[in-house]
There are 2 protein chains.
Amino acid sequence: MSDDRRTTPLEPEPIEPQMCSVDLRLQILRGLPFFAGLPDDAITAINPLFRETGYEPGEPIYYAGDPAERLFVVAAGKVKLIRHTLSGQERVLDLLLPGDFFGSLPVLGEPVYPDTAQAHTLCCVLAISAEGFETILDRYPPVTRALLAIVAERLRAAQAMLHQTGTAPVESRVAALLLKLAERLGDERAEGWLIQTPLSRQDIADMLGITVETASRTLSQFRKDGLIRSGRRWIAIADRERLAALAEQAG
Amino acid sequence: MSDDRRTTPLEPEPIEPQMCSVDLRLQILRGLPFFAGLPDDAITAINPLFRETGYEPGEPIYYAGDPAERLFVVAAGKVKLIRHTLSGQERVLDLLLPGDFFGSLPVLGEPVYPDTAQAHTLCCVLAISAEGFETILDRYPPVTRALLAIVAERLRAAQAMLHQTGTAPVESRVAALLLKLAERLGDERAEGWLIQTPLSRQDIADMLGITVETASRTLSQFRKDGLIRSGRRWIAIADRERLAALAEQAG
DNA sequence: CGCTGCCTTGATCTTCTTCAAAACGTGTGG
DNA sequence: CCACACGTTTTGAAGAAGATCAAGGCAGCG
């Protein structure tokens with residue numbers, strides 16, 4: 001049993017600031033869920049339509065209200081989608097990993113981005129114009145189908161979140177969030193099931209629509225109960241089962 | 001200025017229990033957002049794939065957890081999508097009008113329905129098997145595109161709701177909900193901008209994840225302030241501007 | 001070492017829920 | 001047509017969950 005407080009156990013993002021290589025680009029495009037079934041030559045043909053850009057942690061990629069002209073794909077690093085209230089408070093709607101897309105689901109004729117995209121870690125992002133993407137959709141029908149499946153999946157996730165938000169107490173919601181994050185980002189380590197991304201109390205709070213203080217109190221309690229280990233901007237799950245039990249409480 | 005309390009001003013649903021006629025079916029299919037661009041003969045070809053069924057208010061159409069085998073379209077009346085907590089509490093995720101679809105977004109290979117569908121008013125529903133629908137998607141690519149746009153729109157709506165839920169006080173959320181409902185169901189009347197569907201305090205509460213009592217108190221206050229008129233299971237908006245102002249409060 | 005962010009903890013206050021009871025409207029059956 | 005019964009709505013009082021306000025502590029970095 002190692003102690004809780006210590007130097008962060010997180011691994012740094014394996015990205016060189018000089019951006020993703022051409023090989024990496026192809027590899028990423030090939031791996032995209034919605035390009036899954038496409039032949040290699042199609043990928044090669046599509047590749048030049050994308051432009052890549054690097055962002056520092058915290059750097060905005062676009063702002064809510066900007067004209068929605070491009071679709072983005074996370075190549076490396078993590079991106080978060082956020083929405084602000086008038087009073088400056090912010091809510092994190094999604095945390096995106098390599099392979100996830102965001103931005104204009106332009107296909108839909110949405111005129112402006114509904115939320116702000118911000119680099120959460122150092123990251124590399126591929127961008128394609130709305131027209132370019134529409135061309136791909138027209139040319140390769142299976143891509144549209146795959147895209148539909150992904151968007152529908154996100155809708156389900158949002159509705160599940162909505163349901164939970166309205167009915168479950170904070171304790172359950174924090175537990176559920178940690179498990180969800182660990183499933184996407186988890187890494188088995190000495191510390192436990194480590195969530196492989198910098199994660200402040202503020203981040204947690206913003207994802208659940210609660211305050212930093214409440215998030216901190218809840219996590220402290222979890223730690224005292226041996227459910228998690230945590231430190232400055234990192235969290236690891238120590239007892240998956242008990243956490244899952246907490247998450248399922250109705251309230 | 002008419003008084004608030006009185007016999008319901010709502011119009012009854014114009015549906016005969018003997019279900020929608022064949023003509024009406026074609027008309028509805030033609031009018032569906034995702035069949036919009038399709039030629040008439042395509043509609044006629046598609047038509048036999050649908051089966052129609054009528055439901056009484058409150059009657060379930062399917063339950064969460066049932067195998068997701070069919071896609072449904074509201075032909076007439078209103079349907080609500082709900083999700084239950086273990087403790088029996090329920091949350092209304094969406095209220096669907098004629099032309100809206102629901103059920104298996106089967107395309108997505110979701111194995112079971114994630115929520116329960118229930119007739120909110122007397123209604124008529126068209127159903128198609130998952131395979132039948134996939135056939136249509138394969139045959140008419142524009143349908144997939146249209147569907148994608150609709151699902152993405154719903155995703156945006158869910159995220160907006162999520163954001164609001166986490167940040168705005170109940171008063172604002174009720175105001176916003178009333179405006180949203182009026183935009184979809186509103187009808188100009190002596191009473192004001194009448195929401196054309198039976199709407200109990202419980203319904204309002206379930207849509208927002210609050211209690212009946214809170215919903216009732218908030219609406220009573222609105223009525224005292226002259227923002228709305230209301231009675232047993234109906235609500236009309238009297239002062240759109242002030243309500244909109246309330247809805248936008250950050251908290 | 002002394003900043004500058006994070007994180008933690010306590011005390012108080014507000015908002016919403018819970019529990020309880022009464023009033024009202026609607027439709028029903030006499 | 002009246003009276004009763006049921007479901008909906010309203011209102012009050014007490015309680016709980018989180019928010020807010022206010023310090024203080026700890027880690028990493030210049």
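Computed from a predicted model, the values in this text were never measured in an experiment. Just so it is clear: chains get the letters A, B, ... in the order the sequence lines come, proteins before strands, and each one is counted from 1. Computed over heavy atoms, backbone and side chain alike; hydrogens, waters and symmetry mates excluded.
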Using OP1 and OP2 only, check whether a side-chain N or O of Ser216(B) sits under 4.0 Å from dT10(D). yes
When the distance from CZ of Arg217(B) to C1' of dC19(C) is rounded to whole Å, what number comes out? 11 Å
Roughly, in whole Å, what's the span from CZ in Arg233(B) to P in dG27(C)? 10 Å
Can you tell me if the side-chain N/O atoms of Thr214(A) get under 4.0 Å from OP1 or OP2 in dA19(D)? yes
Side-chain contact check for Glu213(B): nearest option of dT17(C), dC7(C), dT11(D) is dT11(D)
d(Leu81(A) CG, Tyr62(A) OH) to nearest 0.5 Å is 5.5 Å
Determine: side-chain N/O of Arg223(A) to OP1/OP2 of dT8(C), distance under 4.0 Å, yes or no. yes
Does the pair Ile204(A) and Leu178(A) meet the rule for a side-chain contact (heavy atoms from CB on, under 4.5 Å), with working shown? CA-CA 9 Å; Ile204(A) 300 280; Leu178(A) 294 181; 4.0 Å; yes
Stem segments of DNA chain C by first residue number [Watson-Crick or G-U, under 3.5 Å, at least 3]: C:1-5 with D:26-30, C:8-30 with D:1-23
Should the pair Phe72(B) and Tyr113(B) be assigned to parallel (<30°), tilted (30 to 60°) or perpendicular (>60°) ring geometry? tilted
Provide, to the nearest angstrom, the distance between the NZ atom belonging to Lys224(A) and the C1' atom belonging to dT8(C). 9 Å
Looking only at side-chain atoms of Val170(B), point me to the closest of dC16(C), dC6(C), dT8(D). dC16(C)
Answer yes or no: is there a side-chain heavy-atom contact under 4.5 Å between Arg233(A) and Pro198(A)? yes
Among dT9(D), dA19(D), dA22(D), the one nearest Thr211(A) by side-chain distance: dA19(D)
Do the side chain of Ser216(B) and the main chain of Val212(B) share a donor and acceptor less than 3.5 angstrom apart? no
Atom-pair distance (CZ on Arg201(A); P on dA27(D)), nearest Å: 13 Å
Measure the distance from CD on Gln221(A) to P on dG10(C) and round it to the nearest whole Å. 11 Å
Nearest whole Å is fine: how far is dT8(D) C1' from Arg232(B) CZ? 5 Å
For Leu219(A), report the nucleic acid contact type (base, sugar-phosphate, nothing); a contact means any heavy atom under 4.0 Å. nothing
Please determine whether a side-chain nitrogen of the Lys or Arg among Glu90(B) and Arg83(B) lies less than 4.0 Å from a carboxylate oxygen of the Asp or Glu. no
In this structure, how many angstroms lie between the C1' atom of dA19(D) and the CZ atom of Arg173(A), rounded? 13 Å
Rounded distance [0.5 Å steps], NZ in Lys78(A) versus CG in Leu185(A): 5.5 Å
Does the structure place the NZ or CZ of Arg154(A) under 6.0 Å from the centre of the six-membered ring of Phe101(A), at an angle of no more than 45° from the ring's axis? yes
Check this one for me: any side-chain N or O of Ser220(B) less than 4.0 Å away from OP1 or OP2 of dT9(D)? no
Using a 4.0 Å heavy-atom cut-off across all strands, classify Val212(A) as base, sugar-phosphate, or nothing. nothing
Note: for Gly209(A) and Ala215(B) on DNA chain D, the residue whose nearest nucleotide lies more 5' is Ala215(B)
Can you check the Trp234(B) CH2 to dG25(C) P distance for me, whole Å? 12 Å
